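Below is one structure, written out as structure tokens; the observations come after it.
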Amino acid sequence: MERYSPQQIEKKWQQKWDAGQVYRTEMDEKRPKYYALEMFPYPSGNLHMGHVRNYSIGDVVARYRTMAGFNVLHPMGFDSFGMPAENAAIKHGVKPGDWTYANIDNMIRQQKDMGLSYDWDRKVLTCAPDYYKWTQWLFELFYKRGLAYKKEASVNWCDTCGTVLANEQVIDGKCWRCDSEVHKKDLSQWFLKITDYADRLLDDLDKLPGWPERVKTMQANWIGRSEGLEFNIEVPELGEKLPVYTTRPDTAYGITFVALAAEHPIIEKLVKDNPRAEEIKAFCEKARNQSEMERTSSESEKEGIFTGVYAVNPFNGNKVELWVTNYVLADYGTGAVMGVPSGDQRDWMFAKKYNLPIILTCQPKGVTLKLEDMNHAYDDKSGELVNSGEFTGMEMHAAMSAIMDKAEKEGFGQRKVNYRLRDWLISRQRYWGAPIPVIHCPHCGEVLVPEEELPVKLPENVSFDAGAVSPLAQCEEFVNCKCPQCGADARRETDTMDTFICSSWYFLRYADPHNDKLPFAKDKVNYWAPVDQYIGGIEHAILHLLYARFFVKVLHDAHLVDFDEPFKNLLTQGMVIKDGAKMSKSLGNVVSPEEIIEKYGADTARLFILFAAPVDRDLDWSEQGVEGSFRFLARVWRILDKFEDVVKGAPSAYDPETLTKDEKELRRVLHSTIKKVTEDVRDRFMFNTAISSLMELVNAFYAFAGKEVNPGLVRELASALIRMLAPFTPHIAEELWHNLGGEGSVHAQQWPGYDESALVQDEVEIVLQVNGKLRGRVTVPAGLDKEEMEKAALALPKAQEHTAGKEILKVICVPGKLVNIVVKG
RNA sequence: GCCGGAGUGGCGGAAUUGGCAGACGCAGCAGACUCAAAAUCUGCCGUUGGCAACAACGUAUCGGUUCAAGUCCGAUCUUCGGCACCA
């Protein structure tokens, strides 16, 4: 053999695998299925190291499962609608589609260079008409089920992107994509009713033991369920009942004012015949114009204006002032809040600023609080009630439910659950997305495009030089159409769908990617899905992963799929960083996968990225570390080269009983390595330690270099080593497999099993401790009982030395591990 | 503020159920090979003291439980991420 030269072997095998369609997958009811999936990329044009890491992990999982006997689905596609294609069109005058498809071609080439085991026949492109046809079909399904609606709302608008955004896409008041400030705009927009599924999306997180805790916590926080009481406060002057929501009904006797959001509809009524009307209107105007950042920061100053109108606390009949404020949110709860300064810090600050009265309703048990000594609200969730009528003296939790009972019994309130989660705004005023399949008819109103007319295709000749208006809205031949119901001249909806819709169901399409009758056939989707192992970045913890769960639940309810969670197990990989920072063009610390593969080969790139850190932690890129990984592969190559003739001439079986002591030990290392690698890959996703134990095995093998070894053992070792390397470094494994006379592809081989009896050691080293401190070691026959162990340990000179003249209190024996002598004095 | 991670040599990291802290790799040092270098192979490699045997110390800090703690408990600090005027 020549020396290890990846450039010569990798291309060769990639072509053979491609030609032999090695990774084609078909349904097979006889074998257990396994669906391994990496989050599909946006076709930016080039793979970055984050992709390389993602796909390397996924490829190990898929290849390991294949070897372990599963029928594995391992597909790849592209999330290929979205802004960058349109920006390229505006900037360089290329068509978004041309730009996108060219990028996809390049990225597929790079993915093939990595030697990934995808079934390319199942490739899914969300921008292809035969895909977005079904995205539109699913929109219509949602619409028919009452889960898609258009409404006028105050929405998030990004000027730079020229479109609205979902709440999930606003990060710290800024656009998730371009980082520019987001502001509110009143527009008529399409929403999906994800709030209908809030409870199930929250509760079913418990059905996902295979998800990282932090992702589940993030989703739970985002959904933000809270339980409380909604009750009516009378406003006698207006003859109105004003509903308010609280999670602290136990403090209801401490209401000293009522606060309204500046957008609250009752304000219109309030300002009629109100001497302060102009002032109030001006205040509301000012509050509404505050940026999202200012309004939602807990630091910003709480301001308000008294309306001159009073409200009545239904619990005790107290007459309290009604204020308009800048700190009550219009779209949470009822947009009106009871003000209890003694029990809520915000209300406290507000009351102090405007000199509103404060009534104490709760204090710690056995303590008497005095308002004049307090400098903040008492908002601990424990204590006893005071000044609370019939509830005075009651423990607060008991009081909470008693007070809610009272409100329900007397009919002015009821228990209520509220969510932080809002409906999903899916309209985008952009061109490069799936058109929303709706026609607006002057007579019939909103009409769905008939199913047989789908897809509503994107027109080709549109202009992108426009300002704020969507390119689709300017395309007359797209906009003008006939009403499918009455035939009248009508206008087509020009909004496209959020690309997160396209990615909310792509993993189901892989099960049946060429279906032209349905998004997917039921038997196929139920055979392959749900995804057994999903792998991707933590940045999708809320966005994509929440939306996809929502979609699957709706599809479940529509009887299109039998399962109601899309991803059984989730693995969130860490970032690839360099010099302590995320790789970015502006920092100039980007390492190009293409260059690394060219220089060291794909196997080295994959091995390093899997070895350098546990999968869920950030990984520091190190060129020297890459060198080390390359060295390891070259080392494997050389040792197998040395033993090539031995392996080829070896019998297929041998009797382990005939091995020498050293050979037996080598066999034990081999089998314990198989056990360790199997468990690390299958159960723990600890690829770094799996690889380190393969390195140890190779080190142990090197101790026999140049020596006479049982050929059967060498053959066993070489075969298992190559098969264990196959998921990590598929090319070198395939080459070595063939060099040593292996039949067929190494990737079609069975994963090596281990022999429990080979793991048993004749002798074990046990540790001697005195008072827990390590004092010596002794090698003893395996399987000694406690007394024998104790005897062997006590006989050691070290034991004598450290216990001399001291009283032995007791001796602890851990079989096969250690003896601890406890002494006094 | 609330919620969730993380903190171990010069560096990346290991220690899976409370049982030898630092596996494996990188960097470093030394030896072999070589005219020489590279490559390769072999050995050393937490800190302090000691020629050494060895001893003391050591997993962010302080305290606790235990024969035994990186691991469990309590408090604190640092750091990363999420949510945050959600009533």
Side-chain angles (χ1 to χ4, degrees), chain A residues 3 171-172 212-222 224-226 228 244-248 251 259 261 294-302 325-329 331-340 343-347 349-350 379 418-422 538-539 541-542 608 611-614 616-629 631-632 634-635 638 676 679-680 683-684 686 688-699 702-703 705-706 765-777 809-814 816-823:
Chain A
R3 69 187 186 90
I171 314 289
D172 290 333
E213 210 50 50
R214 59 178 183 145
V215 174
K216 289 191 275 186
T217 309
M218 280 159 77
Q219 292 210 356
N221 283 345
W222 187 260
R225 182 188 154 102
S226 83
V244 296
Y245 173 74
T246 179
T247 54
R248 291 296 304 275
T251 65
E294 289 170 312
R295 280 198 81 175
T296 55
S297 160
S298 50
E299 258 89 87
S300 61
E301 183 75 19
K302 286 158 192 43
T325 71
N326 67 346
Y327 77 94
V328 174
L329 302 174
D331 56 356
Y332 183 78
T334 63
V337 166
M338 65 178 201
V340 184
D344 183 286
Q345 186 55 24
R346 291 158 302 181
D347 296 347
M349 281 155 67
F350 192 76
D379 52 9
N418 264 319
Y419 301 92
R420 221 189 64 96
L421 182 71
R422 304 284 191 277
I538 185 75
E539 66 274 15
I542 294 171
F608 169 72
F611 175 62
D616 56 353
R617 224 181 287 181
D618 285 352
L619 180 153
D620 212 338
W621 188 267
S622 138
E623 183 90 15
Q624 284 170 331
V626 178
E627 297 267 3
S629 294
R631 269 202 295 271
F632 169 68
R635 206 166 135 82
R638 281 192 304 270
K676 164 99 177 134
E679 287 168 358
D680 279 355
D683 308 329
R684 303 206 306 153
M686 292 285 285
N688 54 331
T689 53
I691 292 166
S692 72
S693 52
L694 288 171
M695 289 172 169
E696 285 178 85
L697 175 62
V698 171
N699 291 345
Y702 261 86
E765 191 183 61
I766 61 167
V767 166
L768 168 73
Q769 292 184 343
V770 177
N771 286 350
K773 273 196 185 1
L774 177 72
R775 292 300 179 191
R777 304 157 194 282
L809 296 178
K810 61 172 158 177
V811 179
I812 311 263
C813 282
V814 181
K817 282 218 172 111
L818 62 81
V819 175
N820 186 16
I821 306 167
V822 186
V823 298

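Every chain is numbered from 1, with letters handed out A, B, ... down the list of sequences. Predicted model, so just to flag it, every value in this text is computed and none were measured.
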What does [N] pair with, Watson-Crick or G-U, if both distances are under 3.5 Å?
| N | answer |
| --- | --- |
| B:A68 | none |
| B:G49 | B:C54 |
| B:G81 | B:C3 |

Which one, [options], comes nearest to the side chain of [X]?
| X | options | value |
| --- | --- | --- |
| A:Lys773 | B:C20, B:C24, B:A56 | B:A56 |
| A:Lys676 | B:U16, B:C85, B:C24 | B:U16 |
| A:Arg420 | B:A84, B:A15, B:G25 | B:A84 |
| A:Arg775 | B:A55, B:A87, B:C20 | B:A55 |

Please list each protein N or O that sits under 3.5 Å from an N or O in nucleotides 65-67 of chain B, with the distance.
{"unit_1": "B:C67", "atom_1": "O2'", "unit_2": "A:Asn820", "atom_2": "ND2", "d": "3.2"}
{"unit_1": "B:C67", "atom_1": "O2", "unit_2": "A:Asn820", "atom_2": "ND2", "d": "2.6"}

(message) Using a heavy-atom cut-off of 4.0 Å across all strands, would you classify A:Gly224 as base, sugar-phosphate, or nothing?
(response) nothing
(request) Between A:Thr689 and A:Lys817, just flag the one whose closest nucleotide in RNA chain B comes earlier from the 5' side. (result) A:Thr689
(request) Using the closest heavy atom to pick a nucleotide of RNA chain B for each, name whichever of A:Thr247 or A:Arg684 lands nearer the 5' end. (result) A:Arg684
Pairs under 3.5 Å (N/O, protein and nucleotides 37-41 of chain B):
{"unit_1": "B:U40", "atom_1": "O3'", "unit_2": "A:Arg638", "atom_2": "NH2", "d": "3.1"}
{"unit_1": "B:C41", "atom_1": "OP1", "unit_2": "A:Arg635", "atom_2": "NH1", "d": "2.9"}
{"unit_1": "B:C41", "atom_1": "OP1", "unit_2": "A:Arg638", "atom_2": "NH2", "d": "3.1"}

